[in-house]
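So the structure is just underneath, and the comments pick up after that.
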2 protein chains.
Amino acid sequence: MQEEVFALLGDKNLSRTPCRVEMLKILLESGSALPETEIRSKLPQHFDRTTVYRTLRSFLEQDVIHSIPLEGGDVRYAVTRNKERKSSQFHAHFYCESCSSVYCLSRARFEPPEMPEGFVAAGYDVLVNGKCRKCN
Amino acid sequence: MQEEVFALLGDKNLSRTPCRVEMLKILLESGSALPETEIRSKLPQHFDRTTVYRTLRSFLEQDVIHSIPLEGGDVRYAVTRNKERKSSQFHAHFYCESCSSVYCLSRARFEPPEMPEGFVAAGYDVLVNGKCRKCN
DNA sequence: AAAATCTTTGCAACATTGTTGCAAAATTAA
DNA sequence: TTAATTTTGCAACAATGTTGCAAAGATTTT
């Protein structure tokens, strides 16, 4: 775990600050995508909201994590697996309408919809909603 | 146009208040999905932000419009065409990375991605990004 | 090791999006 | 016309995210 965190940070030339290390651990340990409030509440020491947001921004800029905007302004953050890097043109996530958890569907395959005349697609974000493993 | 607005409101038992009528006109006339600020700025008379949000909420509750959350907390609102009612299990939208316009792709067909063990899908929201008709 | 530099953190303030409570104005019903 | 309901505006608030500035911690330079 520690090694994975260090590797992720090292790859992106991000220094090992306490806040970064702890946040990455939390995100890696969590099977689902988390909102900022939950990440912050899980931190072993107190960090200011600003610091957490700044760290999230660094991670986003370096594509260590990605954000998943939901209906109602809710946003979740999740570690970006190799399969779903920015370079990849397709991302899928699952929103459980029962427990509100969000999961990355990193290995989902998908047939792009046909585009109307004149529209050229570069990437696709799919949000599937339904019931997750735990709620079925 | 006027008739279409009245029909939409009538179907949902929403009274013809000035704000509702004008907002629906704006949304119907626009080929793309609009943020609240733009809807409000296009209104022929001044209405308070609160009133506009309350009207949006009525429309959302009655499925007259739907909201499209984007990366970065941006939200767009668009009239719900019959083809893409809540009852339908699939919605697709197009985000132009050049001019930031959002369009509904109401007639797009699509093959649902396969779900992992235990996950049951009920609906799909697809956000395609690329370049729109005007920007190509 | 001391001084200078760069980075991270916290605090206060602010912007934006959206909501709520309350009272005034406008509609609608009795 | 009076009474009841709905719509609107205003002020205040909540949540999410950003910015400026100064203090604290690391790094580097000499």
Side-chain angles (χ1 to χ4, degrees), chain A residues 5-6 8-27 33-62 64-78 95 100 102, chain B residues 5-6 8-27 33-62 64-78 95 100 102:
Chain A
V5 168
F6 288 178
L8 270 168
L9 291 174
D11 287 356
K12 305 291 178 164
N13 277 321
L14 293 166
S15 56
R16 298 173 186 174
T17 67
C19 191
R20 283 187 191 148
V21 171
E22 295 305 331
M23 280 176 62
L24 254 189
K25 271 196 211 167
I26 289 163
L27 287 164
L34 305 175
E36 178 272 340
T37 47
E38 196 172 337
I39 298 171
R40 185 149 45 88
S41 77
K42 284 197 157 85
L43 282 166
Q45 359 162 187
H46 173 271
F47 286 95
D48 192 79
R49 210 158 56 83
T50 314
T51 304
V52 172
Y53 275 113
R54 277 197 274 239
T55 304
L56 286 174
R57 197 147 51 132
S58 302
F59 287 170
L60 287 169
E61 278 163 2
Q62 299 302 316
V64 173
I65 64 171
H66 57 281
S67 72
I68 305 146
L70 302 178
E71 199 86 11
D74 232 22
V75 177
R76 309 290 170 90
Y77 301 92
Y95 172 80
S100 303
V102 172
Chain B
V5 169
F6 287 178
L8 270 169
L9 292 175
D11 287 356
K12 305 293 178 163
N13 277 322
L14 293 166
S15 56
R16 298 172 186 174
T17 67
C19 190
R20 282 187 192 148
V21 172
E22 295 304 331
M23 280 177 61
L24 254 189
K25 273 196 213 169
I26 289 163
L27 287 165
L34 305 174
E36 178 271 338
T37 47
E38 197 173 336
I39 298 170
R40 187 148 44 88
S41 77
K42 283 197 158 84
L43 282 167
Q45 0 163 186
H46 173 270
F47 285 95
D48 192 79
R49 211 159 56 83
T50 315
T51 304
V52 172
Y53 274 114
R54 276 196 277 238
T55 304
L56 286 173
R57 196 148 49 134
S58 301
F59 287 170
L60 287 168
E61 280 164 2
Q62 299 302 316
V64 174
I65 64 171
H66 56 281
S67 72
I68 306 144
L70 302 177
E71 199 86 11
D74 231 24
V75 178
R76 309 290 169 90
Y77 302 92
Y95 172 80
S100 302
V102 172

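Only a predicted model underlies this, so the values are computations on that prediction, with no experimental measurement involved.
- Heavy-atom nearest nucleotides on DNA chain C were determined for P18(B) and for Y77(B), and the one closer to the 5' end corresponds to Y77(B).
- Under 3.5 Å, the side chain of R54(B) and the base of dG18(C) form no donor-acceptor pair of N or O atoms.
- Spacing between atom CG of D48(A) and atom P of dA24(D) amounts to 16 Å, rounded to whole angstrom units.
- Contact detail for S100(B) and R76(B): the closest heavy-atom pair is O-NH1, 2.7 Å.
- Rounding to whole angstrom units, CZ of residue F47(A) and C1' of dC11(C) are separated by 16 Å.
- Rounded to whole Å, atom C1' of dG25(D) lies 13 Å from atom CD of Q45(A).
- Contact annotation: side chain of R49(A) to base of dG10(C), donor-acceptor pair absent below 3.5 Å.
- Across all strands, R40(A) comes closer than 4.0 Å to no nucleic acid atom at all (heavy-atom distances).
- In this structure, P35(A) reaches neither bases nor backbone, as no heavy-atom distance under 4.0 Å exists between it and the strands shown.
- When rounded to the nearest whole Å, the span between CG of L60(B) and C1' of dT17(C) equals 14 Å.
- Base contact: T50(A) has a heavy atom under 4.0 Å from a base atom.
- Considering only the side chain of V75(A), dG17(D) comes nearest among dT17(C), dT8(C), dG17(D).
- As a whole-Å value, the separation of I68(A) CD1 from dT16(D) C1' is 16 Å.
- Residue R57(B) is in sugar-phosphate contact alone, with no base atom involved, counting any heavy-atom pair closer than 4.0 Å across all strands shown.
- In this entry the distance linking CD1 of I39(A) with P of dT16(D) reads 12 Å, nearest Å.
- Contacts of R20(B) with the nucleic acid, taken as non-hydrogen atoms under 4.0 Å apart, involve only primed sugar atoms and P, OP1 or OP2.
- Map D74(B) and S15(B) each onto its nearest nucleotide of DNA chain C; the residue landing nearer the 5' end is D74(B).
- For R40(A) (side chain) and F47(A) (main-chain N/O), no donor-acceptor pair under 3.5 Å exists by modelled atom type.
- With rounding to whole Å, N13(B) atom CG is found 18 Å from dT5(D) atom P.
- Judged purely by atom type and a 3.5 angstrom limit, R20(A) uses its side chain to pair as donor or acceptor with the backbone of S15(A).
- Atoms CD (E36(B)) and C1' (dG18(C)) sit 9 Å apart, rounded to a whole Å.
- Taking 4.0 angstrom as the limit, T17(A) places none of its side-chain polar atoms (N or O) nearer than this to OP1 or OP2 of dT8(C).
- Here the side chain of Y53(A) is nearest to one of dT16(D), dC10(D), dT19(D), namely dT16(D).
- Rounded to the nearest 0.5 Å, atoms CG (L60(A)) and CD (E71(B)) are 8.0 Å apart.
- Note that NZ of K12(A) is 12.0 Å distant from CD of E61(A), once rounded to the nearest 0.5 Å.
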